[in-house]
Number of protein chains: 2
Amino acid sequence: MRDHAGVKGLQRAEFARRTGSNLETVRYYEKVGLLPEPPRTANGYRSYGKTHERRLRFVLRARELGFSIYEIRELLRLVDERNRPCAEARDVTATHLADVRAKIADLRRMERVLKDVVTRCGDGTFPGCPLIETLFHGPTVG
Amino acid sequence: MRDHAGVKGLQRAEFARRTGSNLETVRYYEKVGLLPEPPRTANGYRSYGKTHERRLRFVLRARELGFSIYEIRELLRLVDERNRPCAEARDVTATHLADVRAKIADLRRMERVLKDVVTRCGDGTFPGCPLIETLFHGPTVG
DNA sequence: GGTAGGGTCTGTAGCAACTACAGGGTCAAG
DNA sequence: CTTGACCCTGTAGTTGCTACAGACCCTACC
């Protein structure tokens with residue numbers, strides 16, 4: 001069935017496997033417009049080429065860096081438009097970096113309190129549970 | 001309409017306001033079983049008392065610390081059952097702490113790469129965009 | 001020829017943890 | 001008696017997937 005209509009390319013499963021992604025995810029990315037719809041063979045099967053793979057890898061790396069679907073769409077638009085994308089791409093990334101740092105700060109606050117209560121729960125000699133007391137009466141975290 | 005059926009308590013909006021939460025969220029917590037259904041006045045309005053407020057504050061603090069709904073349900077069960085909850089509560093918390101630390105580690109990896117590309121994009125003297133190059137050809141983060 | 005097995009296709013439902021309505025009821029004041 | 005401010009229920013939307021159901025299609029084997 002390979003090369004059925006003169007189109008040679010990878011099918012979904014192989015495509016996903018080569019890029020280390022879930023094959024349902026690939027379809028999802030096509031649906032939300034991050035990946036172009038690939039050409040089809042005569043029987044309607046998707047057939048992926050090098051450009052698709054290149055673009056999918058871009059999307060996967062961006063996701064690994066925590067960019068949202070919306071942000072990735074922005075970045076790809078900049079890539080496609082090709083007129084001086086760097087400054088704008090940097091803005092998108094700087095905004096995202098600020099988000100990441102805010103999340104890290106949030107999580108560190110959580111970590112600090114959690115570490116503290118786990119330590120205080122540690123010996124278990126208290127009549128009440130420090131964790132539960134903290135949740136009922138403790139200070140607000142944020 | 002206050003004290004309509006001999007029940008005195010707060011209505012939804014006031015209850016949410018006092019605890020700094022969204023009133024839709026309160027209903028959500030009731031639906032998923034984190035908060036007990038409050039008594040109703042004769043006209044069917046919810047009427048909240050001190051115990052509800054106490055419990056809601058518990059839930060809100062737990063959410064601030066990043067506990068999932070499922071985990072909070074666990075903690076509340078331990079609170080309600082009242083037989084030596086501390087050891088189990090500590091286990092729940094320790095597991096959650098590990099999750100938080102894993103997330104922090106992920107985000108720090110992201111932060112490192114993002115900071116790097118923003119810096120390299122900074123002067124904008126390169127012909128290509130370092131960010132876009134990284135996404136197309138750069139190393140995998142994870 | 002028939003059938004078993006693997007792949008593929010579409011569309012839809014589910015997850016967390018909310019948030020935001022729509023479309024109705026109730027109540028007190030002017 | 002109408003206006004406005006609450007309240008009620010149920011359902012749909014959000015993000016980023018993941019997991020089906022129910023249908024094709026294609027190859028291989030007997």
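Labels below follow one simple rule: chain letters A, B, ... track the order of the sequence lines, proteins then strands, and each chain is numbered from 1.
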Could you state the [atom1]-[atom2] distance from [X] to [N], rounded to the nearest angstrom?
{"X": "A:Leu34", "N": "D:dG16", "atom1": "CG", "atom2": "C1'", "result": "10 Å"}
{"X": "A:Lys31", "N": "D:dC17", "atom1": "NZ", "atom2": "P", "result": "12 Å"}
{"X": "B:Arg17", "N": "D:dA5", "atom1": "CZ", "atom2": "P", "result": "17 Å"}
{"X": "B:Leu56", "N": "C:dA17", "atom1": "CG", "atom2": "C1'", "result": "15 Å"}
{"X": "A:Leu35", "N": "D:dG16", "atom1": "CG", "atom2": "P", "result": "14 Å"}
{"X": "B:Leu65", "N": "C:dA17", "atom1": "CG", "atom2": "C1'", "result": "16 Å"}
{"X": "A:Glu30", "N": "C:dT8", "atom1": "CD", "atom2": "C1'", "result": "13 Å"}
{"X": "A:Tyr29", "N": "D:dT18", "atom1": "OH", "atom2": "P", "result": "8 Å"}

Of the listed nucleotides ([options]), which one gets closest to any side-chain atom of [X]?
{"X": "B:Asn43", "options": "C:dA17, C:dC18, C:dT26", "result": "C:dT26"}
{"X": "B:Tyr45", "options": "D:dC6, D:dC17, C:dC18", "result": "D:dC6"}
{"X": "A:Tyr28", "options": "D:dC7, D:dC17, C:dT19", "result": "D:dC17"}
{"X": "A:Arg40", "options": "C:dA20, C:dT10, D:dA19", "result": "C:dT10"}

Base of [N], side chain of [X] - is there a donor-acceptor contact under 3.5 Å?
{"X": "A:Glu24", "N": "D:dC20", "result": "yes"}
{"X": "B:Glu14", "N": "D:dC6", "result": "no"}
{"X": "A:Tyr70", "N": "D:dG16", "result": "no"}

Checklist entry - Between B:Arg27 and B:Leu23, who's closer to the 5' end of DNA chain D by nearest nucleotide? => result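 The residue closer to the strand's 5' end, by nearest nucleotide, is B:Leu23.
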OP1 or OP2 of [N] sitting under 4.0 Å from any side-chain N/O of [X]?
{"X": "B:Arg63", "N": "C:dC18", "value": "yes"}
{"X": "B:Arg12", "N": "D:dC8", "value": "yes"}
{"X": "B:Arg46", "N": "D:dC7", "value": "no"}
{"X": "B:Thr25", "N": "C:dA17", "value": "no"}

Item to check | A:Glu53 and A:Thr19, any side-chain heavy atoms less than 4.5 Å apart | outcome: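 Touching, per the 4.5 Å side-chain cut-off.
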Checklist entry - With side chains defined as the heavy atoms from C-beta onward, is the minimum distance between B:Ile132 and A:Leu75 less than 4.5 Å? => result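 With C-beta onward as the side chain, the pair stays apart.
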Checklist entry - Does NZ or CZ of B:Arg57 lie under 6.0 Å from the centre of the six-membered ring of A:Phe136, at an angle within 45° of the ring axis? => result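 No; the conditions do not both hold, so B:Arg57 does not lie above the ring face of A:Phe136.
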Next on the checklist: To the closest 0.5 Å, what do you measure between CG (B:Asn22) and CZ (B:Arg17)?
Outcome noted: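 Answer for the CG-CZ pair, B:Asn22 versus B:Arg17, is 14.0 Å.
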Item to check | Gap separating the CD atom of A:Glu111 from the CG atom of A:Asp116, nearest 0.5 angstrom | outcome: 11.5 Å
Next on the checklist: With salt bridge (Lys or Arg N to Asp or Glu O under 4.0 Å) as the criterion, how do B:Glu64 and A:Arg109 come out once you've worked through the C-alpha distance, each side chain's angles and the decisive distance to 0.1 Å?
Outcome noted: CA-CA 10 Å; B:Glu64 276 177 2; A:Arg109 272 193 291 275; over 6 Å; no
Item to check | Closest-nucleotide ordering on DNA chain C, the 5'-leading residue of A:Glu37 and B:Gly66 | outcome: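 Per heavy-atom nearest nucleotide, the more 5' residue is A:Glu37.
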Checklist entry - Contact class for B:Phe67 (heavy atom, under 4.0 Å): base, sugar-phosphate, or nothing? => result nothing
